[in-house]
There are 2 protein chains.
Amino acid sequence: MKVIKSVDELREYVAGLNGSIGLVPTMGALHEGHMSLIKRAVSESKNVIVSIFVNPTQFLPDEDLHKYPRKEEADIKICELCGASAVFMPSADDMYFENEPCVIAPPKFASILEGKTRPGHFDGVLRVLTKLFNLTKANRAYFGKKDAQQLLIVKNMVKTMFLNIEIIACEIIRESDGLALSSRNAYLKEIDKCNALRLSRSLFNASNMIKNGETDAAKIKESMLNTLEPLEVDYVAIVDREFNEISNIKLTDTIILVAAKVGNTRLIDNIWI
Amino acid sequence: MKVIKSVDELREYVAGLNGSIGLVPTMGALHEGHMSLIKRAVSESKNVIVSIFVNPTQFLPDEDLHKYPRKEEADIKICELCGASAVFMPSADDMYFENEPCVIAPPKFASILEGKTRPGHFDGVLRVLTKLFNLTKANRAYFGKKDAQQLLIVKNMVKTMFLNIEIIACEIIRESDGLALSSRNAYLKEIDKCNALRLSRSLFNASNMIKNGETDAAKIKESMLNTLEPLEVDYVAIVDREFNEISNIKLTDTIILVAAKVGNTRLIDNIWI
């Protein structure tokens, strides 16, 4: 496996590739969620590039850019074990220029939920992905459903800007106790861990209510909020696949999302119905 | 030559191509300036696609979107005569979606000169070009130096967003009397034509002053403004190739630009020193 640390080196590497290219864009601190993406990519594409880049433009000024977990050596090892062909770990100076265009995500999708709490976040995501898609010339890129809103916005960009790449959505990977894997789980103190489970538990409860015939979104939300107590809830949302809020559950066209603070750590989770 | 009127049809066409692809993006009403771009593209690329699309997002609300000259049949004939492989003439509904990202050109380059008078213009240019570059999978795209600031901003996007396309800058084509060719020249009334020559004349004068040893940008500007009288001048600018204003002429690194209204028609012109 090749470890690539500059844009020029990546370009040279990509120019020499034959066959399909899969990209797994990450911010490092890799866990089994990322591993499932890499393995899926390896099973579908001849060449798999994992990018590891803590992208500054998707962090708000007061967010955790500088303390975001960085585990370079372990990450390289994980990529190798999963069968990646190359890891791309550029510096911010190599990826960004003093004067360059920026990409603004469509407000309908980017101003709600995550975008409401993190204005500008999705603009930074789209900007760096545009760069990564162009640099790697990937035929496919792999994203986890955990960042459901990101997935929607990336798919929208691919469709509307006519990008020549296929976006593959991969299932959320969870701890055996239900907690959705996230690099930010590393921030959780021992005392938070039990409370962190309230997110997934609220979603599983919602799923069970629906299985038992409940279709009223308001009732489901109310029950979820009870499960989430005493967490500081940012949002509980029940939307269709286009992220329109819905008041009645539509089977195969519903996503239920939750964001809440556990201690000082903001966590998100969701479930697709 | 193939005439392609939809995005789907273009995708199918491009998927079937072998060899290099050259793109000449235009808004139609083709003249000898466009013809020189197409011919250059034909000489360098196996396949040449000319896009003809009066792009709504690059017009300001009070600009001439609806009266911009449209000459579909003549344009197709011209592309065929110049040896293009295909003409792509999509509808706005086919190119744009209700919800999609937008691209914001870097303020350093896009807020001055043309961008000052036409705020948002270059954002629309970059948005449509991103779409056209992706759809055509072009290896090269051809632009006239007449839109010098556009050329700078497009080259900046290609460099900073790592687009896999080469931008080819082509010389300005002029009438025998010096007037730079422009689709908007069609708006000029007979009485305006003599005054329209003041733009190119002011640039030729500037060029002569420099040939005769003048290096003081202020003196050159003053002389140009005299030549431009009595036109309503929007700007006269002397910049380096990065569009920084300069006070002393640097040979091989200077562009002199002018924008002025002739009757009701706003014209631009420039000369590269």
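First the proteins, then the strands, lettered A, B, ... as listed; each starts at 1. Predicted model only: the values in this text are computed from it and were never measured.
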Interface moiety of B:N99 toward chain A, non-hydrogen atoms closer than 4.5 Å | both

Answer with side chain, backbone, both or neither: which region of A:F133 has an atom nearer than 4.5 Å to a non-hydrogen atom of chain B?
-> neither

Side chain from CB out, backbone as N, CA, C, O: work out which of these in A:R11 comes under 4.5 Å of a heavy atom of chain B, or both, or neither.
-> side chain

Okay, B:V7 and chain A: the region with an atom under 4.5 Å from a heavy atom over there is side chain

Any ion pair linking A:K221 and A:E245 (charged N to carboxylate O, less than 4.0 Å)?
-> yes

Would you please say whether a donor-acceptor pair under 3.5 Å links the side chains of A:R127 and A:T57?
-> no

Could you tell me whether the side chain of A:Y142 reaches within less than 4.5 Å of the side chain of A:I38, counting heavy atoms only?
-> no

Got a salt bridge between A:K5 and A:E9, using NZ or NE/NH1/NH2 to carboxylate O under 4.0 Å?
-> no

Any donor-acceptor N or O pair under 3.5 Å, side chains B:K108, B:N244 | yes

Do you see a donor-acceptor pair shorter than 3.5 Å between the side chains of B:D234 and B:T117?
-> yes

From the list A:F97, A:Y96, A:F109, the residue making the most non-hydrogen contacts under 4.5 Å with chain B is A:F97

Relative to chain A, which of B:L135, B:V103, B:I153, B:V128 shows the most heavy atom pairs under 4.5 Å?
-> B:L135

Answer yes when B:R266 and B:E114 have at least one side-chain N-carboxylate O distance shorter than 4.0 Å, and no when they do not.
-> yes

Of B:E98, B:K131, B:M157, the largest count of non-hydrogen pairs under 4.5 angstrom with chain A goes to B:K131

B:K137 versus chain A, the contacting section by heavy-atom distance below 4.5 Å = side chain

Whatever's closer than 4.5 Å to a heavy atom in chain A on B:L126 counts as side chain

